[in-house]
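Following: one structure in structure tokens, then a few remarks.
Heavy-atom basis, side chains included; hydrogens, waters and symmetry copies ignored.
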Amino acid sequence: MPSGVGHKVARLLGIQLQPKDPYHHANDPRETAHFNPNQTFVEESPRVDEFFLKLAPSGPQIWQYLVSLFPFLSWIGYYNLQWLAGDLVAGITIGAVVVPQGMAYARLANLDVQFGLYSSFMGVLVYWFFATSKDITIGPVAVMSQLTGAVVADMTTVLPDVPGHVIASALALLAGAVVVFIGLIRCGWIVDIISLTSLSAFMTGSAICIAIGQVPSLMGLSGFSTRDPTYLVFIHILENLNTASMDAAMGLSALAMLYLIRGVCMWIGTHYPKHQKLAFFLSTLRVVFVIVLYTLISYLVNRSLPRGTAKFKILFDVPRGFQNAAVPVINTPIISNLAGYLPATVVVLLIEHIAISKSFGRVNNYRINPSQEMVAIGITNMLGPFLGGYAATGSFSRTAIKSKAGVRTPFAGVITAFVVLLAIYALPAVFYYIPNASLSAVIIHAVGDLITPPNTVYQFWLVSPFEVLIFFVGVFVTFFSSIENGIYTTVLLSAAMLLFRILRSKGRFLGRVKVQSMLGNRVIGNDRQQPVPGYGTFTGSQEASTRNIFLPITHADGSNPEIELNNPYPGIFIYRFAEGFSYPNAGSSLEHLVEYIFAHTRRTNLAHFDRPGDRPWNEPGPSRRDMKAAAAAGVDAGLIGVDVSLPTLKAVILDFSSVNHVDITSVQQLIDVRNQLDRYASPDIVDWHIACINNRWAKRALAAAGFGYPTVVPDGPHRRWKSIFSVAEIGGSHSAAAAAEVEVNEKEVARSRRQTAAGVDVEGGRHHHRTGAHHDPKKVGTGSETAQPRKSTVTFEDTVHHLHQKRMSTVKGAGPELHSGRTVVAPVHGINRPLFHVDLTSALQSAVANVEGRYEGLEGEHH
């Protein structure tokens with residue numbers, strides 16, 4: 001919209017447009033006496049169209065997005081025999097492990113064992129196309145299988161005509177579609193809302209529930225449901241121990257052998273490092289060994305019995321091939337009944353997979369893309385149901401094995417798929433004799449590693465005791481209710497803890513102290529050339545050996561309480577926000593600010609009220625007895641109850657180093673506090689300085705509310721503002737800017753020499769008197785301290801004047817070669833917002849200089 005039309009519409013609607021530059025800094029003649037437009041910087045506010053333009057993808061970004069959907073394109077062209085050798089070993093190893101685990105987890109999902117093989121095959125076959133992790137193995141996992149089994153059990157009562165494997169496939173397809181959508185819109189960061197505490201509680205609680213739920217099958221117990229809450233299953237197990245059958249022999253001995261083999265292999269790897277690799281592969285294949293051994297025992301025991309009968313529970317017939325391959329059944333009744341289970345299913349699919357992939361990426365020095373991993377998981381679960389598979393995600397145990405086996409690329413999944421395919425078509429006859437109790441032993445052994453060790457819980461306690469409470473609450477809810485409720489409980493408690501911390505956060509008031517850095521018994525910065533091992537050498541530095549730092553006055557950060565910290569200047573307060581500054585915590589942060597200021601200052605105007613009724617209701621003042629006593633003693637009644645030793649409020653410095661965003665609520669509350677403190681300090685004014693603003697939009701919001709500019713006070717010359725800016729070099733003797741000025745400088749040298757010879761002052765155009773005193777540029781002090789050389793924070797007027805004097809002396813005393821290498825400086829922040837500062841030091845200098853300048857002006861008026 002053209003500006004003219006926009007202004008007319010604004011006037012019509014009664015909108016008061018803010019001027020582009022509310023603080024006309026350049027109009028002050030004192031500030032422009034030596035002003036060089038090439039050395040200034042005026043910061044422009046961000047515009048809304050800039051924000052949306054950044055969101056709009058460019059052509060290269062769209063192409064990069066499309067390519068990122070198929071990560072294998074970045075490495076498949078470099079595939080070589082060495083990579084193939086590593087992938088063969090890892091792929092075959094994982095194939096040998098995933099076959100028995102897949103069948104065991106299928107039983108956990110209330111499905112026949114072949115469905116676990118279908119899920120295993122599709123998971124490893126499809127994942128490598130979209131993977132950004134070489135270590136992850138997609139397939140059936142214990143927790144997801146347990147959750148699927150619970151859903152299948154619930155749906156048998158609601159949809160009795162729908163087979164269980166149809167329900168499981170539909171759940172996988174719907175959850176996969178949700179996960180793919182999240183991945184395609186690149187919102188993989190959503191998993192970060194689930195804390196490590198929630199993940200650990202979920203894994204621990206689920207592992208305990210799964211292990212206890214497998215005990216009846218392990219020992220051949222019957223007469224109760226294993227789908228009840230875990231505590232009831234545990235009670236029923238104790239009540240029915242006397243019903244144990246021969247399955248207990250096959251299950252308990254298999255479980256003991258699994259742990260025995262792992263223990264022996266770990267011992268060999270520790271005591272015989274040369275055989276560590278062999279010990280690792282023997283330990284990895286222990287599941288295969290145990291299943292083969294107990295299948296052989298089962299065959300020898302049951303081969304003479306009629307088909308379909310056995311002395312203990314075995315799998316019996318397992319279909320060969322993909323007998324359940326079909327288009328998944330998705331209809332309105334199934335979708336409506338499964339909708340309530342989708343959130344928990346999606347969470348389980350994501351959190352374990354993303355956590356595992358990130359962990360192994362850090363260990364093996366590569367980065368994963370969470371959004372792309374979601375695409376991989378989602379597509380795997382959308383395609384798996386077409387072969388009869390159910391929900392699959394990343395497995396921690398198989399991923400660890402794959403990583404240690406020396407996998408080189410995600411292509412190892414294709415090799416694993418061939419092993420699984422071989423098992424589906426060639427081994428069903430062997431699967432007939434696999435004991436159910438031995439498969440339960442495999443499950444219990446696998447989930448045992450998912451339980452958070454006590455030492456890890458202790459480390460949690462050292463870091464955050466309250467989160468340990470959340471951890472145990474999550475485990476208990478899972479144990480006494482269900483896995484889904486455990487997930488929801490821990491996530492909600494973690495979110496509530498975060499929200500409470502933000503809502504009740506209070507900032508801290510800072511005090512200033514001078515510090516020095518010491519190396520051994522020497523102070524860094526005192527020597528002209530002082531070596532600092534590992535950090536370089538200070539060569540001829542003229543930096544001061546001391547520097548200002550700002551610490552919480554209460555030493556709440558753990559700093560030495562013997563170091564005395566006070567407000568850096570009477571009536572000036574430095575306040576640092578703790579947890580950002582937005583609508584949830586703006587009230588508590590500013591309330592603490594006001595309460596502290598009221599407790600450590602007094603009102604500027606102590607004049608008494610003529611009548612008691614003139615006082616505000618919340619400040620009734622002294623009693624009549626006190627007023628009579630004060631009158632008898634000749635004391636001003638306005639001083640009754642007032643600590644006159646306290647200073648009046650002069651300035652507030654806000655540290656925005658922890659603030660990245662402000663909103664309407666927080667800014668409005670800041671405006672209200674500013675108005676409140678202005679009334680408190682009236683007739684004086686309160687200067688508001690803001691340091692370390694990290695976001696341009698935050699600057700725009702604060703500037704729109706009137707911050708960043710001096711308070712407009714009717715005035716007199718003493719009210720003029722002393723603008724202090726932080727400046728930095730923008731070039732140097734070798735800069736492009738200096739080189740570009742050589743030609744102009746030569747002309748200036750010639751002109752200045754001619755004017756000098758004629759006795760004319762170059763700066764003012766007056767005749768030059770050699771006997772006149774040289775006028776030093778004025779210095780702005782910071783209270784009781786004297787100015788130090790090479791200050792990085794000075795007034796912009798003084799800086800430009802000093803550079804002008806330096807340039808002129810260089811011109812008069814040297815040739816153009818020196819003049820061409822002069823230092824050029826410019827303000828770090830825009831000069832159009834003088835109350836926004838780069839750091840606390842410059843903010844404090846500005847506040848002190850203007851407070852003292854204000855009182856100097858008042859004293860001058862009185863004289």
Side-chain angles (χ1 to χ4, degrees), residues 21-33 35 510 512 548 550 567-575 597 601 604 647-656 674 677-678 680-693 702-703 706-727 777-788 791-801 827-862:
D21 189 3
Y23 182 64
H24 298 282
H25 186 275
N27 292 336
D28 188 342
R30 297 189 317 114
E31 299 292 336
T32 56
F35 181 72
L510 307 181
R512 183 182 61 174
N548 290 327
F550 299 85
N567 283 332
Y569 190 91
I572 296 179
F573 297 89
I574 304 176
Y575 187 69
I597 289 177
T601 59
T604 304
T648 58
L649 178 62
K650 300 176 179 64
V652 177
I653 301 173
L654 299 180
D655 183 356
F656 264 52
R674 179 182 62 187
L677 295 182
D678 281 343
Y680 177 75
S682 177
D684 287 350
I685 59 173
V686 179
D687 299 328
W688 288 79
H689 301 260
I690 305 179
C692 308
I693 306 177
L702 293 169
F707 295 95
Y709 315 105
T711 303
V712 178
V713 178
D715 260 348
H718 64 277
R719 297 293 187 180
R720 293 182 182 273
W721 185 261
K722 296 184 178 181
S723 300
I724 294 183
F725 299 93
S726 295
V727 298
K778 68 176 184 177
K779 299 178 181 179
V780 177
T782 58
S784 61
E785 298 177 4
T786 59
Q788 299 290 334
K791 281 285 186 182
S792 62
T793 306
V794 296
T795 65
F796 190 68
E797 171 192 357
D798 296 341
T799 299
V800 177
H801 184 76
V828 177
H829 280 185
I831 64 172
N832 55 325
R833 293 166 182 169
L835 269 65
F836 290 164
H837 304 279
V838 69
D839 59 3
L840 289 175
T841 299
S842 61
L844 179 60
Q845 288 174 339
S846 178
V848 173
N850 284 281
V851 167
E852 292 188 343
R854 186 184 309 155
Y855 285 101
E856 289 174 1
L858 289 175
E859 291 176 0
E861 279 189 344
H862 292 311

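- Counting all heavy atoms, side chain and backbone alike, V686 lies closest to A681 at CG2-CB, 3.6 Å.
- The two residues L649 and G571 come nearest to each other via the heavy atoms CD1-O, 3.7 Å.
- When every heavy atom of R833 is checked against every heavy atom of A703, the shortest pair comes out as NE-CB, 4.0 Å.
- For the atom pair CZ (F707) and CG (L654), the distance works out to 7.5 Å, reported to the nearest 0.5 Å.
- No donor-acceptor distance shorter than 3.5 angstrom exists from the side chain of S846 to the backbone of A843, with no hydrogens or angles considered.
- Separating the CD1 atom in I574 from the CZ atom in R512 is a distance of 8.0 Å, to the nearest 0.5 Å.
- No side-chain heavy atom of D655 sits under 4.5 Å from any side-chain heavy atom of F550.
- Residues G708 and F836 approach most closely at CA-CE2, 3.5 Å, considering heavy atoms.
- I597 CD1 to Y575 OH: the interatomic distance, rounded to the nearest 0.5 Å, is 9.5 Å.
- For A847, the side-chain contact (heavy atoms from CB on, under 4.5 Å) partners at least two apart in sequence or on another chain are I572, A651, I653, H689.
- Counting all heavy atoms, side chain and backbone alike, C692 lies closest to V838 at SG-O, 3.8 Å.
- Distance check: Y569 OH to E852 CD gives 4.0 Å after rounding to the nearest 0.5 Å.
- Contact detail for F656 and L702: the closest heavy-atom pair is CE2-CD1, 3.8 Å.
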